[in-house]
Amino acid sequence: ARQHKIFKYSKKKFQLFKDEKFLTIHIKKTTMAVKVTDVQVLENPATFNSPFRFEISFEVLTPLEEDLEWKLTYVGSAESDEYDQVLDSVEVGPLQTGFMKFILEADPPNLEKIPTK
């Protein structure tokens with residue numbers, strides 16, 4: 001059986017869909033040393049003004065001496081990154097090889113910064 005290390009918070013780029021908008025989670029540097037194995041959207045369905053909660057599982061393939069940065073960005077408009085909102089950014093490290101899992105929680109985006117059109 002695999003053992004998972006659990007982080008309260010803790011490069012590949014992927015997108016998650018919620019309420020007709022996209023969330024982008026990415027790691028600071030692109031590296032083949034980390035493989036994202038699963039992302040679960042918790043508290044789904046939820047109201048738009050509910051906090052975001054994700055359970056993220058990943059595998060560290062080679063030891064990492066530098067911190068790994070996880071950033072949750074709300075994409076407010078497909079036409080411009082002017083409306084993007086960084087909801088949370090967390091650095092974890094250094095990391096040894098193995099399977100890791102953590103819960104990433106963030107407040108919802110500021111509605112005043114989302115374009116109406």
Side-chain angles (χ1 to χ4, degrees):
R2 292 181 179 170
Q3 293 292 326
H4 288 86
K5 297 178 183 176
I6 308 297
F7 290 98
K8 166 81 174 157
Y9 284 101
S10 258
K11 140 145 198 193
K12 301 181 182 187
K13 189 172 180 178
F14 53 95
Q15 294 183 326
L16 303 169
F17 186 77
K18 181 176 178 178
D19 294 334
E20 299 182 15
K21 297 287 183 176
F22 283 94
L23 297 171
T24 303
I25 300 174
H26 60 88
I27 303 170
K28 190 184 224 177
K29 295 181 180 180
T30 303
T31 177
M32 294 306 291
V34 176
K35 177 181 170 185
V36 176
T37 57
D38 191 35
V39 177
Q40 297 290 320
V41 180
L42 306 177
E43 314 299 330
N44 191 23
T47 61
F48 185 79
N49 58 353
S50 298
F52 291 104
R53 295 187 69 231
F54 302 98
E55 181 180 272
I56 301 172
S57 301
F58 64 101
E59 181 179 7
V60 179
L61 304 172
T62 60
L64 298 173
E65 293 182 20
E66 294 182 24
D67 287 351
L68 201 56
E69 181 183 34
W70 296 83
K71 188 182 292 186
L72 178 61
T73 303
Y74 181 83
V75 178
S77 172
E79 279 86 45
S80 171
D81 60 3
E82 170 185 2
Y83 301 105
D84 290 0
Q85 297 179 49
V86 175
L87 303 181
D88 199 3
S89 177
V90 180
E91 290 188 8
V92 177
L95 297 172
Q96 298 301 314
T97 58
F99 290 90
M100 314 287 171
K101 182 188 293 189
F102 67 95
I103 304 292
L104 178 61
E105 299 179 19
D107 289 333
N110 181 341
L111 294 175
E112 295 175 4
K113 295 182 178 180
I114 299 173
T116 56
K117 294 182 183 182

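The two residues Val34 and Leu68 make their nearest non-hydrogen contact at CG2-CD2, 3.9 Å. Residue Gln40 comes nearest to Asp38 through the heavy atom pair NE2-OD2, 2.9 Å, listed as atom of the first residue, atom of the second, then distance. A pairwise comparison of heavy atoms in Leu87 and Pro109 identifies CD2-CA, 3.7 Å as the closest pair.
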Exercise for the section: For side-chain contact (heavy atoms from CB on, under 4.5 Å), just list the numbers for Asp84 and Tyr74, CA-CA rounded to whole Å, side-chain angles, deciding distance to a tenth of an Å, and then say yes or no. Expected result: CA-CA 6 Å; Asp84 290 0; Tyr74 181 83; over 6 Å; no
Handout entry: Intermediate values then yes/no, side-chain contact (heavy atoms from CB on, under 4.5 Å), Gln85 and Ile114
Key = CA-CA 9 Å; Gln85 297 179 49; Ile114 299 173; 3.7 Å; yes
Exercise for the section: Before giving the answer on side-chain contact (heavy atoms from CB on, under 4.5 Å), spell out for Phe54 and Leu72 the whole-Å C-alpha distance, their side-chain angles and the decisive distance to 0.1 Å. Expected result: CA-CA 10 Å; Phe54 302 98; Leu72 178 61; 3.8 Å; yes
Exercise for the section: Decide yes or no on side-chain contact (heavy atoms from CB on, under 4.5 Å) for Ile103 and Arg53, but give the supporting numbers first. Expected result: CA-CA 7 Å; Ile103 304 292; Arg53 295 187 69 231; 3.8 Å; yes
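Residues Val41 and Val90 are members of one and the same hydrophobic cluster, defined by side-chain heavy-atom contacts under 4.5 angstrom among Ile, Leu, Val, Met, Phe, Trp and Tyr. Cluster annotation: Val75 is not connected to Tyr83 through the hydrophobic network of ILVMFWY side chains, with a link wherever side-chain heavy atoms come within less than 4.5 Å. Criterion: ILVMFWY side-chain heavy atoms under 4.5 Å apart, direct or through other members. Under it, Val39 and Met100 are part of a common hydrophobic cluster.
A ring-centre distance under 6.0 Å is found for Trp70 and Phe58.
In this structure, the side chains of Val60 and Gln96 stay at 4.5 Å or more apart for every pair of heavy atoms.
Interatomic distance, Lys101 NZ to Ile56 CD1, rounded to the nearest 0.5 Å: 12.0 Å. If you take OG1 on Thr62 and CG on Leu95, they are separated by 10.0 Å, rounding to the nearest 0.5 Å. Here the CG atom belonging to Asp81 is positioned 10.0 Å from the OG1 atom belonging to Thr73, to the nearest 0.5 angstrom.
Between the Glu55 side chain and the Leu42 main chain, no donor and acceptor come within less than 3.5 Å of each other. Side-chain N or O atoms of Thr37 include one that pairs as donor or acceptor with a backbone N or O of Ser57 at under 3.5 Å.
Side chains of Thr47 and Ser50: a donor on one and an acceptor on the other come within 3.5 Å.
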